[in-house]
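Taking it in order: structure first as structure tokens, then the write-up.
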There are 2 protein chains.
Amino acid sequence: MGKLPNIPDIVIGRLPIYLRALAHMIQGGKEYTSSHELGERLGISSAQIRKDLSHFGEFGKQGTGYNLAYLYEQIRHILHVDQQWPVAIVGMGDLGHALANYRGFETRGFRVSCLFDNDVKIIGDSVAGMEILPIDVMHDVIQQQGVRVAMVAVPADQAQFVANQLAQAGVKAILNYAPITLAVPVGVRVQYIDPVAHLQHMTYYLET
Amino acid sequence: MGKLPNIPDIVIGRLPIYLRALAHMIQGGKEYTSSHELGERLGISSAQIRKDLSHFGEFGKQGTGYNLAYLYEQIRHILHVDQQWPVAIVGMGDLGHALANYRGFETRGFRVSCLFDNDVKIIGDSVAGMEILPIDVMHDVIQQQGVRVAMVAVPADQAQFVANQLAQAGVKAILNYAPITLAVPVGVRVQYIDPVAHLQHMTYYLET
DNA sequence: TAGATTGTTAATCGATTAACAATC
DNA sequence: TAGATTGTTAATCGATTAACAATC
């Protein structure tokens, strides 16, 4: 299992951005790109792109740059998204609905495979062709389906409880939409999406 | 206008996280915290928190730490969220609906003030007490309302066009949910929310 | 007072950039 | 060949951490 040693996490975080831009270029019919072109597009230096990629191998050719399809496949493989990960969604309010119906997962390595909520008024409802299940059965369903990735879209005061349940069921990656920092066991990763935090980051630079 | 010089952007990005945690502690009835306690909670070193805050002033007291209410107010002021910014939402699909109905903006410095879409089937519909307006009137409405912050929730192939329109109307901060990198004029800021990119970041560490 | 914790300095650590030989 | 661009090294830059005097 050729595990690569100690790549900086900040580099890993940029790979999805590269992947996204490569997909875009491929869709535009291009066949090759260069670190310069890619960097220009993303507002990143070409040196950084070459350095980042060099952690994983040699993907380009002097003089001509990178074959888009090849580099795309390589990064997909590195990120383990040359497969489809089943994903659970917990919390089927407006946001959960939006995520369940979002068409952008399939092509990028994920497939929503189960939906959970604890509101009896919506349990049993069908969303995106799936039935909303009660939290009680979450542990069993997640284990049955081998789910290791989940998105949490419940109110802030329930997010830690849900995260505990998910970790216990074997989930190793949590995308948390609740605006709180979660405590999770070692081996479980959390990424946060808090639109307000992003907005606040920008208003700092705005004159009142 | 006591503008502070050249604070690293990475520090600014952490302030909303601090703010979120402080709000949480205040709600829990606490009155004081320390850099150690806050750091523990957030998985950040206490030294970093003290260093970050020291860019803006002296907010603590030796021996006792930080008064929560005071520090909270100070950071709100620094981030310019001790006021309510009107925000436009462009793209009223599932995600736009979820954002329009989200109750988490008001307490954190924002107020959704107008909704836009270009789909005649939903233009005129009412969401969260607001009417969905056509993109044609976006420029005028945004100027009338003095909107300088917008959230873009349109399909990827329309996001750049929308961003251009927004910039032209005077919007200075764009939160972009479309999975593409936007090109915007100098003086306009963009933050990105791409759930798939976050998921891919985590699957790197997952065994296949 | 004794204990705790700040704000700050200096040291360390890590990430980014510039430069260039190699080579397509 | 001449031009372009890679992968890599070394230099630079910036961020984090450790340590501690000051002081509540």
Side-chain angles (χ1 to χ4, degrees), chain A residues 2 4-18 21-22 25 30-75 78 181 201 204-205, chain B residues 2 4-18 21-22 25 30-75 78 181 201 204-205:
Chain A
L4 295 141
N6 257 17
I7 317 281
D9 184 66
I10 196 164
V11 172
I12 308 301
R14 280 191 293 262
L15 293 185
I17 311 303
Y18 297 166
L22 296 174
M25 289 175 172
K30 284 177 64 77
E31 245 194 287
Y32 284 88
T33 190
S34 65
S35 58
H36 179 78
E37 184 184 48
L38 187 57
E40 185 124 335
R41 194 186 193 98
L42 297 176
I44 288 178
S45 80
S46 61
Q48 179 160 86
I49 288 171
R50 293 198 302 280
K51 189 94 211 289
D52 284 354
L53 296 178
S54 75
H55 286 103
F56 304 96
E58 310 192 352
F59 305 115
K61 258 213 274 279
Q62 289 102 324
T64 53
Y66 302 91
N67 176 292
L68 279 167
Y70 177 72
L71 182 57
Y72 182 72
E73 270 319 309
Q74 293 298 308
I75 297 183
I78 292 164
T181 301
H201 186 157
Y204 170 80
Y205 297 100
Chain B
L4 296 141
N6 257 16
I7 317 282
D9 183 67
I10 196 162
V11 172
I12 307 302
R14 280 193 292 263
L15 294 185
I17 311 304
Y18 297 165
L22 296 174
M25 289 176 171
K30 284 177 63 77
E31 246 195 286
Y32 285 88
T33 190
S34 65
S35 59
H36 179 79
E37 184 184 49
L38 187 55
E40 185 125 334
R41 194 187 192 97
L42 297 176
I44 287 178
S45 80
S46 62
Q48 178 159 87
I49 288 171
R50 293 198 302 280
K51 190 93 211 289
D52 284 355
L53 295 179
S54 76
H55 285 103
F56 304 97
E58 311 193 352
F59 306 115
K61 257 214 275 279
Q62 287 101 325
T64 54
Y66 302 91
N67 177 292
L68 279 167
Y70 178 71
L71 182 56
Y72 181 72
E73 270 318 309
Q74 293 298 306
I75 298 183
I78 291 164
T181 300
H201 187 158
Y204 170 80
Y205 297 100

Q) If you look at every heavy atom in Leu38(B) and Ala21(B), which pair is closest and at what distance? A) CD1-CB, 3.7 Å
(Q) Taking atom CD as the centre, does Glu73(A) end up with more than 12 heavy-atom neighbours from other residues, nucleotides or ligands that are less than 6.0 angstrom away? (A) yes
Q: Give me the first and last nucleotide of DNA chain D, going 5' to 3', that has any atom under 4.0 Å from a heavy atom of chain A.
A: dA4(D) to dT9(D)
Q) So, for Tyr204(B) and Ile78(A), which heavy atoms are closest and what is the spacing to 0.1 Å? A) CD1-O, 3.3 Å
Q | Min side-chain heavy-atom separation Arg41(A)-Thr33(A) under 4.5 Å | A | no
Q: For DNA chain C, find the residues of residues 60-73 of chain A with a heavy-atom distance under 4.0 Å and give them by number; none if there aren't any.
A: Lys61(A), Gln62(A), Gly63(A)
**Q.** Side chain to side chain, Ile75(B) and Leu53(B), heavy atoms closer than 4.5 Å
**A.** yes
Q.
By nearest heavy atom, map Thr33(B) and Ile10(A) onto DNA chain C; which one lands nearer the 5' end?
A. Thr33(B)
Q: Just call it for Ser35(A): base, sugar-phosphate, or nothing, with non-hydrogen atoms closer than 4.0 Å on any strand.
A: sugar-phosphate
Q: Would you check, one step at a time, whether the test side chain to side chain contact (heavy atoms under 4.5 Å, CB included) holds for Ile49(B) with Arg14(B)?
A: CA-CA 9 Å; Ile49(B) 288 171; Arg14(B) 280 193 292 263; over 6 Å; no
Q. Is the closest basic N to carboxylate O distance between Glu37(A) and Lys30(A) below 4.0 Å?
A. yes
Q: Write down the partner of dA11(D) under the Watson-Crick or G-U wobble criteria, each distance required to be under 3.5 Å.
A: dT16(C)
Q. Now, which nucleotide makes the Watson-Crick or G-U wobble pair with dC24(D), with each of the two distances under 3.5 Å?
A. dG3(C)
Show me the side-chain donor-acceptor pairs of residues 61-70 of chain B shorter than 3.5 Å, one per line, residues at least two apart or across chains.
{"residue": "Asn67(B)", "atom": "OD1", "partner": "Ala69(B)", "partner atom": "N", "Å": "3.1"}
{"residue": "Asn67(B)", "atom": "OD1", "partner": "Tyr70(B)", "partner atom": "N", "Å": "2.9"}

